[in-house]
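Count residues from 1 along the sequence.
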Amino acid sequence: MSIFEALMLICFGLSWPMNIWKSWTTRSAVGKSLPFLLIIEVGYICGMLNKILVHFDWVFFLYVLNFLMVGTDAALYFRNRRLDRLRAEQEV
């Protein structure tokens with residue numbers, strides 16, 4: 001187990017709830033990048049696969065938690081993009 005790997009995941013993990021809250025409250029996808037979120041998800045998948053295939057330890061669960069939070073933000077992206085389109089249609 002690498003304490004630095006765990007600390008990195010904890011630091012990233014602390015930022016995702018703030019990002020999710022911003023996505024939830026602004027109700028807009030402006031400024032969000034779906035490719036960015038998907039690349040992060042792929043990175044977390046790679047980290048989880050490393051933990052499963054090479055050396056399993058409790059840090060695996062930090063990867064899972066972060067993966068779920070980024071997934072939540074990605075889901076909010078789609079909701080917010082739909083809301084942005086509805087607002088744009090109402091303005092016309």
Side-chain angles (χ1 to χ4, degrees):
M1 191 261 322
S2 170
I3 190 66
F4 296 111
E5 179 184 21
L7 289 171
M8 182 260 318
L9 289 167
I10 290 168
C11 288
F12 285 176
L14 291 173
S15 67
W16 289 117
M18 292 183 288
N19 209 24
I20 291 167
W21 178 253
K22 183 179 178 187
S23 294
W24 180 260
T25 57
T26 63
R27 300 175 65 88
S28 176
V30 173
K32 287 284 183 180
S33 170
L34 183 61
F36 176 77
L37 293 173
L38 296 177
I39 289 168
I40 292 172
E41 289 285 69
V42 169
Y44 287 143
I45 289 169
C46 291
M48 287 185 279
L49 286 172
N50 180 63
K51 290 299 176 185
I52 292 169
L53 299 174
V54 178
H55 178 71
F56 189 86
D57 58 30
W58 67 272
V59 177
F60 172 82
F61 299 105
L62 293 176
Y63 280 108
V64 171
L65 179 60
N66 284 345
F67 180 83
L68 293 173
M69 287 189 287
V70 174
T72 300
D73 201 32
L76 287 171
Y77 168 86
F78 288 107
R79 178 202 74 159
N80 290 345
R81 192 174 72 167
R82 182 179 53 80
L83 293 173
D84 287 340
R85 272 187 294 212
L86 289 173
R87 278 191 292 273
E89 289 172 5
Q90 290 175 351
E91 290 176 3
V92 173

Whether Asn80 side chain and Ser23 backbone form a donor-acceptor pair below 3.5 Å =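 Here the side-chain-to-backbone pair exists.
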
List in chain and number order the residues that pass side-chain hydrogen bond (donor to acceptor under 3.5 Å, both in side chains) with Thr72, two or more places apart in sequence or in another chain; answer none if no residue qualifies.
->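 Result, side-chain hydrogen bond (donor to acceptor under 3.5 Å, both in side chains) vs Thr72: none returned.
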
Listed by chain and number, what are the side-chain hydrogen bond (donor to acceptor under 3.5 Å, both in side chains) partners of Arg81, not counting sequence neighbours?
->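 side-chain hydrogen bond (donor to acceptor under 3.5 Å, both in side chains) list for Arg81, sorted by chain: empty.
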
Single-linkage hydrophobic cluster [X]~[Y], side-chain heavy atoms < 4.5 angstrom:
| X | Y | value |
| --- | --- | --- |
| Leu86 | Leu76 | no |
| Val70 | Leu14 | yes |
| Met18 | Tyr44 | no |
| Val42 | Leu53 | no |
| Leu38 | Tyr77 | yes |

Rounded distance [0.5 Å steps], [atom1] in [X] versus [atom2] in [Y]:
| X | Y | atom1 | atom2 | result |
| --- | --- | --- | --- | --- |
| Tyr63 | Lys51 | OH | NZ | 6.0 Å |
| Leu9 | Phe4 | CG | CZ | 13.5 Å |
| Ile39 | Glu41 | CD1 | CD | 11.5 Å |

Please give me the minimum heavy-atom distance between [X] and [Y], naming the atom from each residue.
| X | Y | result |
| --- | --- | --- |
| Leu62 | Ala6 | CD1-O, 3.8 Å |
| Trp24 | Arg79 | O-NH2, 3.2 Å |
| Met69 | Ile20 | O-CD1, 3.3 Å |
| Ala74 | Leu37 | CA-CD1, 3.8 Å |

Check the surroundings of atom CZ in Phe60: do more than 12 heavy atoms from other residues, nucleotides or ligands lie under 6.0 Å from it?
->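 Above 12, so yes.
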
Quick check: are there more than 12 heavy atoms from other residues, nucleotides or ligands sitting under 6.0 Å from CZ of Phe56?
->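 Yes.
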
State, yes or no, whether a side-chain contact exists between Phe12 and Met8 at a heavy-atom distance under 4.5 Å.
->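 With C-beta onward as the side chain, the pair touches.
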
Non-hydrogen side-chain atoms of Lys32 and Asp73 separated by less than 4.5 Å =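 A side-chain contact exists here, since the closest heavy-atom pair is under 4.5 Å.
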
